[in-house]
Amino acid sequence: MAVSYKKLLHLMIERDITNIKLMHDANISANIITKIKNGKYIALDKVESICLALDVTPNDILEFIQSEDKENA
């Protein structure tokens, strides 16, 4: 499975939140922003920090996507 943070990126656009503001409010590093933009896994405590800063749930900012290269059993 892969992870997608498109929901978070759209939410940031809707609320006019910059990467710098999210980094400050959620106390996360630029490396976390890079991982989000590249669809890489981030630690659960970072997801929690982002959710608390934005007053959302994990379901509001990320989703898991079935890998297309796996065969359905």
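For residues 30-44, the set of pairs meeting the salt bridge (Lys or Arg N to Asp or Glu O under 4.0 Å) definition, not counting sequence neighbours, is empty.
Without hydrogens or angle criteria, D60 side chain to T57 main chain gives a donor-acceptor distance under 3.5 Å.
A 6.0 Å sphere centred on CG of N38 holds more than 12 heavy atoms belonging to other residues, nucleotides or ligands.
In this structure, CG in N27 is found 11.5 Å from CG in L52, a value given to the nearest 0.5 Å. In this structure, the separation between OH on Y41 and CZ on F64 is 6.0 Å, given to the nearest 0.5 Å. We find the CD-CE distance between Q66 and M1 to be 4.5 Å, quoted to the nearest 0.5 Å. Taken from OG in S4 to CG in L9, the straight-line distance is 8.0 Å, to the nearest 0.5 Å.
Between L62 and Y5 the shortest heavy-atom distance is CB-CD2, 3.9 Å. Between K46 and I32, the shortest heavy-atom distance links the atoms CG-CD1, 4.0 Å. The shortest heavy-atom contact between A26 and S49 is O-CB, 3.2 Å.
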Would you list the atom pairs, donor with acceptor, under 3.5 Å between side chains in residues 10-20 and any protein atom, with sequence neighbours excluded?
| unit_1 | atom_1 | unit_2 | atom_2 | d |
| --- | --- | --- | --- | --- |
| R15 | NH1 | L54 | O | 2.7 |
| T18 | OG1 | K21 | N | 3.0 |

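In the hydrophobic cluster analysis, where Ile, Leu, Val, Met, Phe, Trp and Tyr join through side-chain heavy atoms closer than 4.5 angstrom, L8 is grouped together with V56.
Side-chain contact between I33 and M23 is present, with heavy atoms from C-beta onward closer than 4.5 Å. At a threshold of 4.5 Å between non-hydrogen side-chain atoms, the residues I36 and I50 count as touching. Between P58 and V47, some side-chain heavy-atom pair lies under the 4.5 Å cut-off.
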